[in-house]
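The figures that follow rest on heavy atoms only: side chains count, while hydrogens, waters and symmetry mates do not. Letters go in sequence order (proteins before strands), and every chain restarts at 1.
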Protein chains: 2
Amino acid sequence: MITPTDKKVLKRFGENLRKLRKDKGLSLREMSYACSIDNSKIAKIEKGMINITFTTLLQLAVALEAHPSMLLEYEPE
Amino acid sequence: MITPTDKKVLKRFGENLRKLRKDKGLSLREMSYACSIDNSKIAKIEKGMINITFTTLLQLAVALEAHPSMLLEYEPE
DNA sequence: AGAATTGAGGTCTTATAAGGCCGCAATTTA
DNA sequence: TAAATTGCGGCCTTATAAGACCTCAATTCT
């Protein structure tokens, strides 16, 4: 079950993801196209609404042309 | 659906996880205790049998006393 | 040898991620 | 201002992760 603490962690991850996407100047649909993940799903991830799997993390990294570990390097807060 | 390519990626991740655990001198049960993940599940992860979620990745990092991103830093191969 | 530890697979239930589509309000652009 | 783009939430089905427990063969320890 997804705890309130998890919620917070996912939200923080989402915020960072959003930042990385913006920095790369991509719209949700552009990013969607770049990694084959539905744009609405990416929106949900950025909102911290879903607990993504390992493979989804890798897909996101592809779209951002970054190393997967980079998506985890942000201030936990 | 989990593709053969995903399978390979998960397997590689698992091998690395196993290495990290061994390096820390932990048995599956010890690690299980350290991160509240059933030992049989950790075994499955190491075997690349499951596509773990973001929160599970964080839990594993706790047991290894490492930054989550570290679990992703290995030779993709 | 006997006991304990360890890795690992199987099984069952429940929660939820994935995948895909729709629509709409708010921007942004033409 | 009309038209496109964008973010985003809802909905549905299917696949599968999570979580918990059991068993057992192979090691390792005593």
Problem set entry | End-to-end axis angle, where each axis spans five pairs of the helix from dA1(C)-dT30(D) to dA30(C)-dT1(D), to 10° | 60°
Exercise. Is a donor on one side and an acceptor on the other found under 3.5 Å between the side chain of Thr53(A) and the backbone of Asn51(B)?
Worked result: no
Heavy atoms only, 4.0 Å cut-off, all strands: where does [X] land among base, sugar-phosphate and nothing?
X: Ser40(A); result: base
X: Lys44(B); result: base
X: Ile2(B); result: sugar-phosphate
X: Asn51(B); result: sugar-phosphate
X: Thr53(A); result: sugar-phosphate

Does [X] place a side-chain N or O at less than 4.0 Å from the phosphate oxygens OP1/OP2 of [N]?
X: Arg18(A); N: dG7(D); value: no
X: Lys41(A); N: dA17(C); value: no
X: Lys22(A); N: dG7(D); value: yes

Rounded to the Å, how far apart are [X] [atom1] and [N] [atom2]?
X: Arg29(A); N: dG23(C); atom1: CZ; atom2: C1'; value: 10 Å
X: Leu58(B); N: dA18(D); atom1: CG; atom2: C1'; value: 15 Å
X: Tyr33(A); N: dG7(D); atom1: OH; atom2: P; value: 18 Å
X: Leu57(B); N: dA17(C); atom1: CG; atom2: P; value: 15 Å
X: Ile42(A); N: dA18(C); atom1: CD1; atom2: P; value: 12 Å
X: Ile50(B); N: dA8(C); atom1: CD1; atom2: C1'; value: 13 Å
X: Asp6(A); N: dA17(C); atom1: CG; atom2: C1'; value: 14 Å
X: Ile37(A); N: dC21(C); atom1: CD1; atom2: P; value: 15 Å

For this session: Using a 4.5 Å cut-off on heavy atoms from C-beta on, say whether the side chain of Leu72(B) contacts that of Met70(A).
Result: no
Problem set entry | Beyond-backbone contact of Leu57(B) with Phe13(B), side-chain heavy atoms, under 4.5 angstrom | yes
For this session: Tell me which nucleotide among dG10(C), dG19(D), dC11(D) gets nearest to the side chain of Met1(A).
Result: dG19(D)
Exercise. Which of these nucleotides, dA18(D), dC21(D), dT6(C), is closest to any side-chain atom of Ile52(B)?
Worked result: dA18(D)
Exercise. Taking 4.0 angstrom as the limit, do Arg21(A) and Glu46(A) come out as a salt bridge?
Worked result: yes
Problem set entry | Glu15(A)/Arg12(A) salt bridge by N-O under 4.0 Å criterion | yes
Exercise. Between the side chains of Thr55(B) and Asp6(A), is a donor N or O closer than 3.5 angstrom to an acceptor N or O?
Worked result: no
For this session: Spell out, yes or no, whether Ile2(B) and Leu17(B) are grouped together once hydrophobic residues are joined by side-chain heavy atoms under 4.5 Å, including indirect joins.
Result: yes
Problem set entry | Residue whose nearest DNA chain C nucleotide is more 5′ - Glu30(B) or Met49(B) | Glu30(B)
Exercise. Out of Leu58(B), Leu64(B), Ile52(B), which one pairs with Leu71(B) under the side chain to side chain contact (heavy atoms under 4.5 Å, CB included) rule?
Worked result: Leu64(B)
